[in-house]
Amino acid sequence: MREVRLAKSAGFCYGVRRAVELAQRTAEESGGCWMLGDLIHNSFVVEDLARRGVRKTADPAVIPAGETVLIRSHGELKSVLDELEARGVRCINATCPNVIRIQRLVAQAEAEGRRPVIIGEAAHPEVAGIASWCGDPLIFDGPDAVRQWLDAPETNREMPLTVVAQTTCIRELFEISWKIIKKECTNVKIFDTICDATHKRQAEAAEIAAQADVMVVVGDRKSANTKHLTEICMGGCSRVVQIERADELPPDLFAGLRASLRRYMQR
């Protein structure tokens, strides 16, 4: 008999649940509001919020003064928040508390004369938002980029640095990166800012993948969490598929299985 295993850590993390509940409550109390981009990377939730009267825009300039706007869980550029508040737009901050902590860490680092280092994806909205809370951060997507920077002028090694990570960063990439920096640089502060829920999911995905014949990762295609879980699963299982909904499952995905069938679900 084939076994289907659902990961214990599947489902929304605290920060995402908080953002969704805050958005639902705000929509109900205000009779409709705005959100800048997708509140979270989940198309089903975004569609549900639209039905509740939450209008989406990528352009903060279109939101009239006096209106209410939800700030997505990934955070927003500080300049955008400042501009909205200056125009009299009411901002409801649904940014994950873990992300807010990183924003404060990089701002504090700069105030102390230290250069912030962010290990993560520069194009991701969370990282872009974090970077906007300081003037000139270094952003590295992994150890190779760190080594390349260290190969530049020797003065780089003497620079006071504060190192943080994108909340959804793959732990192995972060640990290798900060260990290189710590070894090569003379003045470093390191903060492990990877979300606990992310770490548990990644560890469980790796564990299940090592035992499974097939891994199914369920989550939004724009989600860094989903992308990283898929990459981790591919490291331990030869048959991995990432989907958003059940009807995307390939008909022959489970063909020829001799052992148990396990599934990892992530939203």
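As the structure is a prediction and not an experimental result, all values here were calculated from the model.
E28 has no carboxylate O lying under 4.0 Å from a charged side-chain N of R52, or vice versa, which leaves the two without a salt bridge. A salt bridge links D136 with R115: the closest approach of a Lys/Arg side-chain nitrogen to an acidic carboxylate oxygen falls below 4.0 angstrom. In summary, E67 and R87 do not engage in a salt bridge, as defined by a charged side-chain N under 4.0 Å from a carboxylate O. For K78 and D82, the salt-bridge test passes: some basic side-chain N is under 4.0 Å from an acidic carboxylate O.
No donor-acceptor pair closer than 3.5 Å links the side chain of R55 to the backbone N or O of M35. The backbone N or O of H41 lies less than 3.5 Å from no partner atom in the side chain of D38, so there is not a single donor-acceptor pair. Using modelled atom types, one side-chain atom of E110 and one backbone atom of G135 make a donor-acceptor pair closer than 3.5 Å. A donor-acceptor contact shorter than 3.5 Å links the side chain of T193 to the backbone of A165. The main-chain N or O of T168 is found under 3.5 Å from a side-chain atom of H228 such that the two form a donor-acceptor pair. In terms of modelled atom types and a separation under 3.5 Å, the side chain of S30 and the main chain of T26 share a donor-acceptor contact. At least one donor-acceptor pair under 3.5 Å links the side chain of E204 to the backbone N or O of S9. Put simply, the side chain of N156 gets close to the backbone of W149: a donor and an acceptor are under 3.5 Å apart.
Only one option out of T167, T198, V16 pairs with N225 in a side chain to side chain contact (heavy atoms under 4.5 Å, CB included); it is T198.
Listed by first then second residue, pairs satisfying ring pair (Phe, Tyr, Trp, His ring centres under 6.0 Å) with a partner in residues 102-121 number zero, not counting sequence neighbours.
From L173, atom CG reaches atom CG of D144 across 9.5 Å, with rounding to the nearest 0.5 Å. Between the CG atom of L161 and the CD1 atom of I181 there is a distance of 6.5 Å, given to the nearest 0.5 Å. Atom-to-atom distance recorded for K179:NZ and I190:CD1 is 10.0 Å, nearest 0.5 angstrom. Taking CG of D59 as the start and CG of L36 as the end, the distance is 8.5 Å to the nearest 0.5 Å. One distance of note links CG of D192 with SG of C169; it measures 9.5 Å at 0.5 Å rounding. The distance from atom CD1 of I100 to atom CD1 of I130, rounded to the nearest 0.5 Å, is 11.0 Å.
Other residues, nucleotides and ligands contribute over 12 non-hydrogen atoms within 6.0 Å of the CD atom of E47. Heavy atoms of other residues, nucleotides or ligands lying less than 6.0 angstrom from CZ of R90 number 12 at most. The number of heavy atoms from other shown groups lying within 6.0 Å of NZ (K222) is above 12.
Evaluation of the side-chain contact (heavy atoms from CB on, under 4.5 Å) rule for A94 yields A19, L22, L39 as partners, not counting sequence neighbours. Applying the salt bridge (charged side-chain N to carboxylate O under 4.0 Å, His left out) test to E158 and every residue at least two apart in sequence or in another chain returns nothing. Legend: residues meeting side-chain contact (heavy atoms from CB on, under 4.5 Å) with E112, ordered by chain and number and at least two apart, are Q108, R114, K189. A search for side-chain contact (heavy atoms from CB on, under 4.5 Å) contacts involving R157 returns L150, E154, E184, not counting sequence neighbours.
When all heavy atoms of T68 and C33 are compared, the pair lying nearest together is O-CB, 3.4 Å. Between A23 and L49, the closest heavy-atom pair is CB-CD2, 3.9 Å. Residues Q211 and E207 come closest through the heavy atom pair NE2-O, 3.4 Å. When all heavy atoms are compared, the tightest approach of Q166 to A224 is NE2-CB, 4.1 Å. R239 and D252 make their closest contact through NH1-O, 4.2 Å (heavy atoms, listed as atom of the first residue, atom of the second, distance). The minimum heavy-atom distance linking G219 with T226 is given by the pair CA-OG1, 3.5 Å.
Both I118 and I102 are assigned to one and the same hydrophobic cluster, defined by single-linkage of ILVMFWY side chains at heavy-atom distances under 4.5 Å. A single hydrophobic cluster is not seen to contain both V46 and W34; linkage of ILVMFWY side chains at heavy-atom distances under 4.5 Å, directly or through other members, places them apart. In the hydrophobic clustering of ILVMFWY residues, with side-chain heavy atoms under 4.5 Å counting as a link, V62 and L77 come out together. Taking hydrophobic clusters as Ile, Leu, Val, Met, Phe, Trp and Tyr residues chained together by side-chain heavy-atom distances below 4.5 Å, F140 does not share a cluster with V127. Cluster membership check: V106 does not share its hydrophobic cluster with M159, using side-chain heavy-atom separations under 4.5 Å among Ile, Leu, Val, Met, Phe, Trp and Tyr.
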Please walk me through it: do I92 and I71 pass side chain to side chain contact (heavy atoms under 4.5 Å, CB included)? CA-CA 6 Å; I92 302 297; I71 304 303; over 6 Å; no

Show the numbers, then the answer: is there a side-chain hydrogen bond (donor to acceptor under 3.5 Å, both in side chains) between N93 and T95? CA-CA 5 Å; N93 198 347; T95 304; 2.5 Å; yes

Determine whether C233 and Q242 satisfy the following criterion, side chain to side chain contact (heavy atoms under 4.5 Å, CB included), listing intermediate values before the conclusion. CA-CA 10 Å; C233 290; Q242 178 184 322; over 6 Å; no

Side chain to side chain contact (heavy atoms under 4.5 Å, CB included), that's the test. Do V163 and I119 meet it? Break it down for me. CA-CA 8 Å; V163 183; I119 308 299; 4.1 Å; yes

Salt bridge (charged side-chain N to carboxylate O under 4.0 Å, His left out) assessment of K227 paired with E121: CA-CA 12 Å; K227 172 189 171 185; E121 303 170 45; 3.6 Å; yes

Under the salt bridge (charged side-chain N to carboxylate O under 4.0 Å, His left out) criterion, do R221 and E248 qualify, and how do the steps go? CA-CA 13 Å; R221 288 183 178 84; E248 294 176 357; 2.8 Å; yes

Run the side chain to side chain contact (heavy atoms under 4.5 Å, CB included) test on E244 and S43 for me, step by step, so that the C-alpha distance in whole Å, both residues' side-chain angles and the decisive distance to 0.1 Å come before the verdict. CA-CA 9 Å; E244 290 188 346; S43 58; 4.2 Å; yes

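Residues I208 and R5 are in side-chain contact: their nearest non-hydrogen atoms beyond the backbone lie under 4.5 Å apart.
Below 30°, between 30° and 60°, or above 60°: for H74 and H124 the angle between ring planes is above 60°, a perpendicular geometry.
The hydrophobic side chain of Y14 is isolated, with no ILVMFWY side chain under 4.5 Å apart from it.
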